[in-house]
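Here is the structure we will look at.
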Amino acid sequence: MTKPNTYQTTLALTPTQFSECLKTWQREHGRHNLPWQQNPTPYTVLVSEIMLQQTQVATVIPYYHRWLQHFPTFQALAAANEDLVLALWQGLGYYSRARNLHRAARYVVDQFNSELPHSINALREIPGVGPYTAGAICSFAFDLPAPLVDGNVKRLFARYFGITGEVNSTKFNNKVWQLAEHYTPPQDNRIYAQALLDMGATICTPRQPQCTQCPLQTTCYARQTQCVDKLPEKKKPTPLPTRFAWFGIDYNATGVVLVQRGTDAVWPRLWCLPEFLNAPVAAIEHGQFRHVFSHYKLTATVVQFKAPATNTRVAWDDLPKFGLPAPIKRYLAKVRSNL
DNA sequence: AAGACGTGGTG
DNA sequence: TCACCAAGTCT
């Protein structure tokens, strides 16, 4: 007999009660003015969901508007040039999302006649669309009953249902998805799904959750047992290692030499100062910068060097046309301001 | 299964 | 300065 990893209180709401409670809360207290909630189409839902992966709402908003101005439809995006795609994603991070979204548009145009399918399985064929995004598209684009699990849902469910085990372990994830499916309402899933996200973002927050404002407080496992700050269980993070890198700079009053990075490195396909694999010998240092990634810290040294005449020299005024890594963009802005 | 993959906001 | 976090996916 295995120990159950879920503790349901006798007070737990039925799926119907649970979804009705959340939907009522959403109508009164949820977010209704986000840009992608205004006249949503399957395309705008896909764009917003990809941009919102691991990225906060406030950060996404300006990118979302700019994106739709340049690429209003699947067809427009499918026909776009990759440099413009990356330039418009510049600063958002996780750049494979941009290339996947570009590929997704081509896939939808070619395979689905420019219309998103309604089934989870078909949606999952699309580059960059994983289990969460497929559920989000069904929910937000089509108002269909489909489970959706993101960080908000994991946190809210872990607390409400008392799901133990390390967050993102296979066992934990399976349990959350199982509950998400069980509690998905057959009708009005769009507003229910939005309620899950908005509750997680505004009430059931990671730190200092607003339990007194929560419509689920009287039946919440964590609230009843006063372990809200213990759930979901997180693995202690290992400190980030530090790596070193060296970049060469060759510039004048007109512009600066840039190279396009490969697909297998960080900052794939972005334009960057040329990177040296090893510390250059006897080079003149031009400057340094530090940068923190999700999985390591970078200490970078920039050295002066003479680039081959065949290298691309980008005019200062043309930099916005290229996608540059955020720290490189900052560094070059400073260089230019000192000209 | 675990690691790669960005960045900016916040306490 | 620093730890933690944010609507995950891919390999």
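A note on names: the letters A, B, ... follow the listed sequences, proteins ahead of strands, and every chain is numbered from 1.
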Could you check how far [atom1] of [X] sits from [atom2] of [N], rounded to whole Å?
{"X": "A/K297", "N": "B/dG6", "atom1": "NZ", "atom2": "C1'", "answer": "16 Å"}
{"X": "A/Y63", "N": "B/dG6", "atom1": "OH", "atom2": "P", "answer": "13 Å"}
{"X": "A/Q90", "N": "B/dC5", "atom1": "CD", "atom2": "P", "answer": "18 Å"}
{"X": "A/Y296", "N": "B/dA2", "atom1": "OH", "atom2": "C1'", "answer": "17 Å"}
{"X": "A/L240", "N": "B/dA4", "atom1": "CG", "atom2": "P", "answer": "11 Å"}
{"X": "A/L92", "N": "B/dG9", "atom1": "CG", "atom2": "P", "answer": "12 Å"}

Side-chain N or O of [X] less than 4.0 angstrom from OP1 or OP2 on [N]?
{"X": "A/H291", "N": "B/dT7", "value": "yes"}
{"X": "A/W267", "N": "B/dT7", "value": "yes"}
{"X": "A/R330", "N": "B/dG8", "value": "yes"}
{"X": "A/H295", "N": "B/dC5", "value": "yes"}

Indicate, with a heavy-atom threshold strictly under 4.0 Å, whether A/R261 touches base, sugar-phosphate, or nothing.
-> nothing
With a 4.0 Å cut-off on heavy atoms, is A/A326 in touch with a base, just the backbone sugar-phosphate, or nothing at all?
-> sugar-phosphate
Aromatic contact, [X] with [Y] (centres under 6.0 Å):
{"X": "A/Y160", "Y": "A/F157", "answer": "no"}
{"X": "A/W89", "Y": "A/Y63", "answer": "no"}
{"X": "A/F305", "Y": "A/F247", "answer": "no"}
{"X": "A/H286", "Y": "A/Y251", "answer": "yes"}
{"X": "A/W67", "Y": "A/F71", "answer": "yes"}
{"X": "A/W246", "Y": "A/F276", "answer": "no"}
{"X": "A/Y183", "Y": "A/Y192", "answer": "no"}

Rounded C1' spacing from B/dA2 to C/dA7 in Å | 23 Å
Same-atom distance (P) from B/dC5 to C/dA6, integer angstrom =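 Result for the P pair: 23 Å, nearest Å.
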By nearest nucleotide on DNA chain B, pick out whichever of A/K235 and A/F293 is the more 5' one.
-> A/K235
Considering heavy-atom distances to DNA chain B, does A/Q208 or A/G93 have its closest nucleotide positioned more toward the 5' end?
-> A/G93
Give the B/S/- string for nucleotides 5-11 of chain C, one per nucleotide from 5' to 3', where a protein heavy atom under 4.0 Å of the base yields B, of only the sugar-phosphate yields S, and otherwise -.
-> SBBBSS-
